[in-house]
Protein chains: 2
Amino acid sequence: MATIRKIAEKAKVSIATVSRALNDDPKVTEETKKLILQIANELNYKPNIVARNFAKKTSNIIGLILPDITDEFFSELIKGVDEVTYQHNYFTMVISSHRYLQLENTLSSVLRNGLLGGLILLVPNISISLKNILSQTKIPFVLISGGMSSTNYDVVSVDNYQGAYDMTNYLIKKCGYTKIAHITGPTDNDDAKIRVKAFKDACLENTISIQKNFIVKGDFTRESGLKSGMELMSMKNKPEVIFAANDMMALGCYDAAFKKGLNIPDDIAIVGFDDIFVSQYLNPPLTTVKAQIEDEGKKAAELLIEKIKSKISVNNKPKKIKIATELVIRNSTKNIK
Amino acid sequence: MATIRKIAEKAKVSIATVSRALNDDPKVTEETKKLILQIANELNYKPNIVARNFAKKTSNIIGLILPDITDEFFSELIKGVDEVTYQHNYFTMVISSHRYLQLENTLSSVLRNGLLGGLILLVPNISISLKNILSQTKIPFVLISGGMSSTNYDVVSVDNYQGAYDMTNYLIKKCGYTKIAHITGPTDNDDAKIRVKAFKDACLENTISIQKNFIVKGDFTRESGLKSGMELMSMKNKPEVIFAANDMMALGCYDAAFKKGLNIPDDIAIVGFDDIFVSQYLNPPLTTVKAQIEDEGKKAAELLIEKIKSKISVNNKPKKIKIATELVIRNSTKNIK
DNA sequence: ATGAAAGCGCTAACAT
DNA sequence: ATGTTAGCGCTTTCAT
């Protein structure tokens, strides 16, 4: 395997010059640079990245920590991240926070083993223990998380508020619904929290009163959608439409409607959030909120690399990037005005 | 940041001893080992993996090279791989072979930059140029690929033959269809090739004659499924059932049936291969062939790690692992006997 | 059982 | 503009 030493010998220069030439140092003559590059090419030289990272005490590997679940949009997210890291000559390392190990453990080992030059962290919320760990690390990171609240971190997030707000508004203003239920996500999930908030705000601003029992708890799974959907559909005075905090739960509501023998949208309308692949194929196709997840990955990676490259401006204000959402109107709702 | 040197000082031993203790070398006294471990713990020492890999000229990072497309099962595959690499103290690095760069370029840089200790490679087929590159590398690898033909490589593959054979058999024997069409995948895709082969074999063995124009080319996309489906459904003497080589194309056939005003399965039956998430939600739910993709990832990773750890037995026969498939009977076919 | 020292391939002062 | 050299943190001979 060719090393800079071999190149140096062949070119009759020092390894330092070779290193400089390879790194395009302007202090090297064009002539020698050309020679060295040519020899490197002949020898089919590939720099040893491990040695380089080790010597520079940096790393061009970016970690992407994902929860230990399979989610449809992970591959989109990975793709987005990888696309921009790749363009900047970084590598992407996908790391699951495994069930046996809490996120905290995964993090604290990964943050200090020298492997990573930066970190993108997908978390349901920004907990105290997370803050503790993150406060100890020197490597740049950005969070992907639903809430971007008051933290000091750089975070990119789907614009949950706008998305849920628009949807609720659409339900009220365009469709004319007044009896609107909401199935929430997990209580510790920031995306979910913000979606309820926006839902409530939109109702209030349209002077739609929110029945307490029209807001029921879910956990983002299809099963919980089924369960909560059943609950809602069994009420004597049932809602006209159910806004599930994500599409998977909307799916569960479809199951519930089927069980109840209710027609969508005539007997009960259903909408979701996410626009997962299946949603367009449901019967009827699901009205939902779509976010560009690949874009979220890209934005996170861009922000991270910017942070890495400008270590100076570490005291910049934390950046909060929102990924725009868009309403996808299909046939699970109708105009009842 | 604590290093072995600091630990050595505190423990009043040499760094060599610390290194040994940390690596559980039996030559170190239990006593000193205990002391060193305790100090390491106090200092919150984390080994620098980059330094270790560099010194040992090995790497505990396993590369997983994926094509530059988003596919639903990538995240399952990644999960499977990561689960076992993690258990063996390896990391998983996901690498897309980017569109600008051919797989060959991605590979040849990644194979020699020292970053990876092993490689899992997902490829549509095993081309000559791929063989050329792989023949030059010293790092252990395993392929995930449809065909496992005559190559000298370790490869894990979905059992395409059995899956497609079973499906065809089911169509003939259980349902009683005799006019069966097949939409193939891309011509250079080994999974696709084997599926056609199995389809033909099963027809022949059941003395079902195969009309030439009943085998039409597709490319695994929904659009091609629509196109080929239209073609098939427009024939004066159209097939009773279409076996699409994957679910995405079956989806396209659903679109075609809709356009043609044909009822599934009464006017035309449709089956697929893969069992992607959406298939169960189609109307009617799609009969298809399912493979455990997460398992495929696990198997690939296990095989790779086995290879890495037993560098000696490099001359072993290449292993060929098949991931079992299972028929998922839903309602896009019916008994016409 | 432990220590001394070389070295992995590269970068980055510091000379010249 | 180029060379010399130390050193990144660790493993691994080779001594002892």
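Naming: A, B, ... by sequence-line order, numbering from 1 per chain. Only this structure's heavy atoms are used, side chains among them; waters, hydrogens and symmetry mates stay out.
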Rounded to whole angstrom units, what separation is found between the [atom1] atom of [X] and the [atom2] atom of [N]?
{"X": "B/I15", "N": "D/dC8", "atom1": "CD1", "atom2": "C1'", "value": "12 Å"}
{"X": "A/R20", "N": "C/dT16", "atom1": "CZ", "atom2": "C1'", "value": "12 Å"}
{"X": "A/R112", "N": "D/dG9", "atom1": "CZ", "atom2": "C1'", "value": "14 Å"}
{"X": "A/N60", "N": "C/dC10", "atom1": "CG", "atom2": "C1'", "value": "13 Å"}
{"X": "B/K33", "N": "C/dT2", "atom1": "NZ", "atom2": "P", "value": "10 Å"}
{"X": "A/M1", "N": "C/dG7", "atom1": "CE", "atom2": "P", "value": "21 Å"}
{"X": "B/D25", "N": "D/dC10", "atom1": "CG", "atom2": "P", "value": "17 Å"}
{"X": "A/K27", "N": "C/dA13", "atom1": "NZ", "atom2": "C1'", "value": "10 Å"}

* Below 6.0 angstrom between ring centroids: does that apply to B/F74 and A/F74? ->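 They do not qualify: ring centres at least 6.0 Å apart.
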
* Exercise: identify the closest heavy-atom pair between B/K320 and B/Y153 ->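 The answer is NZ-O, 3.0 Å.
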
For [N], take OP1 and OP2 only and decide whether either is under 4.0 Å from a side-chain N or O of [X].
{"X": "A/R52", "N": "C/dG9", "answer": "no"}
{"X": "A/K57", "N": "D/dG9", "answer": "yes"}
{"X": "A/T17", "N": "D/dT2", "answer": "no"}

Of the nucleotides [options], which one has an atom closest to the side chain of [X]?
{"X": "B/A16", "options": "D/dG3, C/dT11, C/dG3", "value": "C/dG3"}
{"X": "A/F54", "options": "D/dG3, D/dT2, D/dC8", "value": "D/dC8"}
{"X": "B/A51", "options": "D/dT2, D/dC10, C/dC10", "value": "D/dC10"}

Base, sugar-phosphate alone, or nothing: which one does [X] contact when heavy atoms must sit under 4.0 Å apart?
{"X": "B/N53", "value": "nothing"}
{"X": "B/S19", "value": "base"}
{"X": "B/V13", "value": "sugar-phosphate"}
{"X": "B/R5", "value": "nothing"}

* Asked: Going through the checks in order, is the side-chain hydrogen bond (donor to acceptor under 3.5 Å, both in side chains) test met by A/N60 and A/N53?
  -> CA-CA 7 Å; A/N60 64 343; A/N53 283 343; 3.2 Å; yes

* B/K193/B/D190 salt bridge by N-O under 4.0 Å criterion -> yes

* Within 6.0 Å of NZ in B/K10, more than 12 heavy atoms from elsewhere ->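 Open: at most 12 neighbouring heavy atoms sit under 6.0 Å from NZ of B/K10.
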
